Amino acid sequence: MDPLTLKLQAQSAISETENVKKLEELKITYLGKNGLVNQMMKEIINIPSDQKQNFGKKANQVKQEIQLLYEQKLQELSQEGKQQEWFDITMPGKKPTHGHLHLVSQAIEEISDIFAKIGFIRARYPEVEWEYYNFEALNMSKNHPARDEFETLFIDAPVNEKYGKIVLSTHTSSGQVREMLRVGQPPIRMINIAKCYRRQQDITHTIMFHQFEGLVVDKNISIKHLKGTMDYFVKQFYDENRKTRLRPFHFQFTEPSFEVDINCAVCLGKGEINGKKCRTCKQGWLELGGSGMVHPNVLKAGGIDPNKYSGFAFGWGVERVYMMRSDVKIDDIRYLYENDIRFLRQF
Ligand code: DAH
């Protein structure tokens, strides 16, 4: 085929092409190793020698032109391709993952809301505390054996003559006298929710945990107010059918003192299911935490006259109370603080 005819043929074929795939096929047909252009080039042997030079020049020119036509078309088609690219605005997007509060923070918010409804004001006191507020002010004098139960962590710091050593607060009760001193005169209705620290670690204890401490001081406050408040809390936090009972106990900072129990949700307080002992509770009841009527010495330490005023207090573990909810099935408290996202996402 003579160069000019080949060029015209290639030109019309390329210009009619509508997509890149066809264009690539044409490239092979014309410009490939055994393509029409190369075949034309080989024909040079049959050309009379005086015309060889002219033919070779033309053939090369045609080859370049076809190459150029191919490249232009390729650019054109890929430009169109881009314009055709479209976007479905109705397609659901990728949602960013949504975080949430840690379950202990959720429990703390819930607990403070429940008490806020009956007028308790949230207070916050130091985590790093004087021995005085943690013990002495709570009727536990220096070297009192009751201190042993608190597995205290001490800070390596100079000792203060009046306030003693510095400790990591072992219970939220350390806020009781601070609150009395802050408010000055009753009425007091405090809920103090904070971190506490003790040297204990097993399936029911972590070195750091949380307590919520209630303190009410006013004229004529009696055990009835204490019991009523406990009942109110368990009905709000657990469910309407839950009841509490007060079981005599001993704490240095309250007199009388009680442990508050809640009836078991599994056996409904009976202690047995179909004649078998309930495995969740002890004889139908579960222990929530401590409470009592504020000891006169504690009121005195807070500058309040025990002959005019009385009060009640309670201090319970946030994690413990939360894990006792029937919709939460956590059998080892340490999971709460391992920060395993697979665990935390469930709540
Ligand atoms: N502070 C006690 C503890 O951590 C709990 C407690 C008991 C708090 C009786 C109180 C109370 O306010 O009245 O073991």
Side-chain angles (χ1 to χ4, degrees), residues 111-112 115 120-127 129-140 144-153 167-180 186 188-200 204-218 221-230 233 244-262 286-302 304 306 309-321 324 333:
I111 292 165
S112 52
F115 284 104
F120 282 66
I121 290 165
R122 176 98 189 258
R124 285 161 208 269
Y125 289 109
E127 267 170 66
E129 182 55 290
W130 292 111
E131 228 179 339
Y132 174 82
Y133 290 108
N134 201 78
F135 295 119
E136 267 117 291
L138 295 170
N139 200 32
M140 285 179 275
H144 194 287
R147 290 190 183 202
D148 291 351
E149 286 163 30
F150 289 96
E151 303 277 356
T152 311
L153 292 154
V167 300
L168 293 183
S169 78
T170 60
H171 53 178
T172 42
S173 305
S174 60
Q176 284 195 17
V177 167
R178 281 189 179 272
E179 180 73 354
M180 292 176 199
I188 293 172
R189 233 180 274 178
M190 163 192 92
I191 186 85
N192 173 26
I193 313 183
K195 291 190 172 78
C196 302
Y197 300 84
R198 291 186 199 175
R199 278 183 48 209
Q200 282 181 328
T204 52
H205 297 92
T206 44
I207 290 193
M208 186 279 301
F209 60 103
H210 297 78
Q211 280 189 342
F212 58 109
E213 183 92 10
L215 174 70
V216 171
V217 183
D218 206 345
I221 294 293
S222 74
I223 296 174
K224 282 191 288 183
H225 299 107
L226 166 62
K227 179 76 164 78
T229 307
M230 306 291 90
F233 174 75
T244 63
R245 77 172 179 189
L246 300 181
R247 184 162 38 80
F249 204 74
H250 173 80
F251 295 104
Q252 275 300 116
F253 30 96
T254 42
E255 183 56 40
S257 303
F258 310 98
E259 286 217 305
V260 182
D261 294 341
I262 180 171
L286 293 160
E287 176 204 323
L288 281 173
S291 72
M293 300 307 293
V294 181
H295 195 286
N297 288 351
V298 178
L299 290 172
K300 276 189 219 155
I304 292 172
Y309 295 102
S310 56
F312 71 83
F314 55 91
W316 301 357
V318 173
E319 291 85 346
R320 184 185 163 76
V321 159
M324 280 166 62
I333 190 174

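This structure is a prediction, so every number in the text was calculated from the model and none was measured. Both ligands and their constituent atoms are indexed starting at 1 by order of listing.
Residues satisfying the ring pair (Phe, Tyr, Trp, His ring centres under 6.0 Å) criterion with Trp316, sequence neighbours excluded, are Phe212, Phe233, Phe314. Judged as a side-chain hydrogen bond (donor to acceptor under 3.5 Å, both in side chains), and not counting sequence neighbours, the contacts of Arg178 are Glu129. The ring pair (Phe, Tyr, Trp, His ring centres under 6.0 Å) search around His171 returns Phe150, Phe253, not counting sequence neighbours.
Sorted by chain then number, the residues whose non-hydrogen atoms approach ligand 1 to under 4.0 Å are Phe150, His171, Ser173, Gln176, Arg198, Gln211, Glu213, Phe251, Phe253, Thr254, Gly290, Ser291, Gly292, Ala313, Phe314, Gly315.
A 6.0 Å sphere centred on CZ of Arg199 holds no more than 12 heavy atoms belonging to other residues, nucleotides or ligands.
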TODO: Verify side-chain contact (heavy atoms from CB on, under 4.5 Å) between Leu215 and Asn192, making sure each step is shown before the conclusion.
DONE: CA-CA 8 Å; Leu215 174 70; Asn192 173 26; over 6 Å; no
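When all heavy atoms are compared, the tightest approach of His295 to Gln252 is CD2-O, 3.7 Å.
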